[in-house]
Amino acid sequence: MVLLEFLAGVPLAAALCALILGLLVGSFLNVVVYRLPVMLRRDWQAEAREVLELPAEPERVPFNLARPASRCPHCQRAVRPWENVPVLSYLLLRGCCKGCQSSISPRYPLVELACGLLSAWVIWHLGVTWQGGAFLLLTWGLLAASLIDADHQLLPDVIVLPLLWLGLIANQFGLFTNLGDAVWGAVAGYLSLWLVFQLFRLVTGKEGMGYGDFKLLALLGAWGGWQILPLTILLSSLVGAILGVITLRLRRAETSTPLPFGPYLAVAGWIALLWGDQITGLYLNFAGFR
């Protein structure tokens with residue numbers, strides 16, 4: 001308690017502690033982003049075999065978020081604890097495995113750094129408060145879900161749904177909005193994209209997005225209330241359209257190539273939660289409504 005009181009009175013120290021904590025959490029999120037989809041796929045395969053009454057697969061080596069220990073994917077050399085220090089180890093190893101000298105993806109330190117910087121900004125902006133702590137959890141969850149969606153076009157329920165409920169619980173105490181607006185935000189968030197999905201399928205015969213996107217927007221509505229939904233949808237659509245075209249051009253892919261929408265929703269919702277009122281006010285002033 002004494003430490004928290006000290007940090008609450010020294011914003012720079014609080015932000016520095018949040019940066020260090022975010023770096024450590026970012027290292028764990030790298031594990032989650034890689035392993036969780038594999039774990040889900042194995043669970044789905046086991047359930048499918050049970051439904052189809054097929055023989056169970058031979059028992060595998062445990063694979064979860066804790067086991068086995070991290071290894072080099074090329075030479076299978078175990079990563080030593082001192083080689084797993086966020087960002088610093090990557091720099092000291094010069095981006096290569098110490099065993100086989102294979103290159104390590106720069107994505108690992110970039111995720112750690114992004115998580116650290118975002119965490120520091122949240123605490124700098126919201127302070128060492130219940131609101132700041134809750135928003136840290138949201139930030140980490142959105143980052144993990146966005147990366148998984150970018151890799152697999154999958155927004156796991158095991159991340160999205162607990163965060164949705166956490167938003168409703170947080171707003172029971174009025175951390176970001178009142179509970180009524182939070183409930184209707186979750187309802188409106190889900191139904192708005194569901195209706196767009198149904199209309200798009202009715203007109204084109206194709207599915208324009210996945211059900212995970214509906215749940216993600218419901219999650220954001222549960223945290224910020226229905227008031228943040230228009231700005232979230234507008235920002236995500238704008239950024240998604242621009243970055244989507246750039247991505248397709250860089251990949252030289254067809255325009256029909258599916259692209260994940262979850263990361264754009266997550267970024268837009270995160271921005272709307274922190275600066276929604278300011279952005280809306282600037283727009284209204286610019287448009288002459290004030």
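Computed over heavy atoms, backbone and side chain alike; hydrogens, waters and symmetry mates excluded.
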* Kindly work out whether a path of hydrophobic side-chain contacts (I/L/V/M/F/W/Y, heavy atoms less than 4.5 Å apart) joins Leu92 to Leu110. => no
* Considering only heavy atoms from C-beta outward, does the side chain of Leu231 approach that of Ile271 to under 4.5 Å? -> no
* Same hydrophobic cluster for Val31 and Leu142, using side-chain heavy-atom links shorter than 4.5 Å among ILVMFWY? -> no
* If only atom types and distance count, is the side chain of Ser192 paired as donor or acceptor with the main-chain N or O of Gly189 below 3.5 Å? -> yes
* Do Ile242 and Val239 have side chains that get closer than 4.5 Å, going by heavy atoms? -> no
* Structure fact -> To the nearest 0.5 Å, atom CG of Leu155 lies from atom OG of Ser146 at 7.5 Å
* Just by modelled atom types, is the Phe63 backbone N or O under 3.5 Å from a matching donor or acceptor in the Arg35 side chain? -> no
* Asked: Atom CG of Asp213 and atom OG of Ser236: how far apart are they, to the nearest 0.5 Å?
  -> 9.5 Å
* To do: Calculate, to the nearest 0.5 Å, the distance between atoms CG and CG belonging to Asn64 and Leu36 respectively.
  => 11.0 Å
* **Side chains of Asn84 and Ser27 in contact at under 4.5 Å (non-hydrogen atoms)** => yes
* To do: Verify the cluster assignment for Leu220 and Phe214: are they in a single hydrophobic cluster under the rule of side-chain heavy atoms below 4.5 Å apart?
  => yes
* Asked: Looking only at heavy atoms, which two atoms of Cys115 and Leu143 are closest? And how far apart?
  -> CB-CD2, 3.8 Å
* Asked: For the atom pair CG (Leu40) and CG (Leu154), what is the distance rounded to the nearest 0.5 Å?
  -> 6.5 Å
* **Closest approach of Ala272 to Thr232 (non-hydrogen atoms, all atoms of both residues)** => CB-OG1, 3.5 Å
* Asked: Side chains of Leu193 and Leu265: closer than 4.5 Å at any heavy-atom pair?
  -> yes
* Structure fact -> Distance col, row Ile20:CD1 vs Leu24:CG, nearest 0.5 angstrom, shows 8.0 Å
* Structure fact -> In short, Pro230 meets Gln227 closest at the heavy-atom pair CD-O, 3.5 Å
* To do: Just say parallel, tilted or perpendicular for the rings of His125 and Trp121, cut-offs at 30° and 60°.
  => parallel
* Centroid-centroid distance, Phe200 to Phe197, less than 6.0 Å -> no
* Asked: Does the side chain of Thr139 pick up a donor-acceptor pair with the side chain of Trp270 at under 3.5 Å?
  -> yes
* Greater than 12 external heavy atoms within 6.0 Å of Trp165's CH2 -> no
* Asked: Within the distance-only criterion (no hydrogens, no angle test), does the side chain of Ser89 pair as donor or acceptor with the backbone N or O of Trp82 below 3.5 angstrom?
  -> yes
* Go through the steps to decide whether Ile148 and Ile159 satisfy the test side chain to side chain contact (heavy atoms under 4.5 Å, CB included), and finish with yes or no. => CA-CA 10 Å; Ile148 292 173; Ile159 294 178; 4.0 Å; yes
* Sequence neighbours excluded, every pair satisfying salt bridge (Lys or Arg N to Asp or Glu O under 4.0 Å) that has a member inside residues 133-155 -> Arg107-Asp151
* Is it the case that more than 12 heavy atoms not belonging to Tyr108 sit under 6.0 Å from its OH atom? -> no
* Passing option when Trp223 is tested against Ile228, Leu166, Leu175, Thr177 for side chain to side chain contact (heavy atoms under 4.5 Å, CB included) -> Leu166
* Asked: Are the side chain of Glu112 and the backbone N or O of Leu23 linked by a donor-acceptor pair below 3.5 Å?
  -> no
* Would you find more than 12 non-hydrogen atoms of other residues, nucleotides or ligands less than 6.0 Å from Gln278 atom CD? -> yes
* **Residue pair Asp157 / Pro162: nearest heavy atoms and the distance that separates them** => O-CD, 3.2 Å
* Considering all heavy atoms of both residues, which atom of Ala120 and which atom of Ala15 are nearest to each other, and what is their separation? -> CB-O, 3.4 Å
* Asked: Transitively linked via ILVMFWY side-chain contacts under 4.5 Å: Leu234 with Trp226?
  -> no
* Which is it for Leu273 and Leu138 under the side chain to side chain contact (heavy atoms under 4.5 Å, CB included) test, yes or no, and what are the steps along the way? -> CA-CA 11 Å; Leu273 277 164; Leu138 175 65; 3.5 Å; yes
* Asked: Would you say the side-chain atoms of Asn171 pair up with the backbone N or O of Ala222, donor to acceptor, closer than 3.5 Å?
  -> yes
* Structure fact -> Looking only at heavy atoms, the pair that brings Pro68 and Pro62 closest together is CD-O, 3.5 Å
* Close side-chain approach of Phe135 to Leu274, heavy-atom, < 4.5 Å -> yes
* Give, for atom CG of Leu217 and atom CG of Leu191, the distance between the pair rounded to the nearest 0.5 Å. => 10.5 Å
* Regarding Arg201 and Gln198, is there a side-chain donor-to-acceptor distance under 3.5 Å anywhere? -> yes
* Asked: Is Ile104 reachable from Leu88 through a run of I, L, V, M, F, W or Y residues, each pair having side-chain heavy atoms under 4.5 Å apart?
  -> no
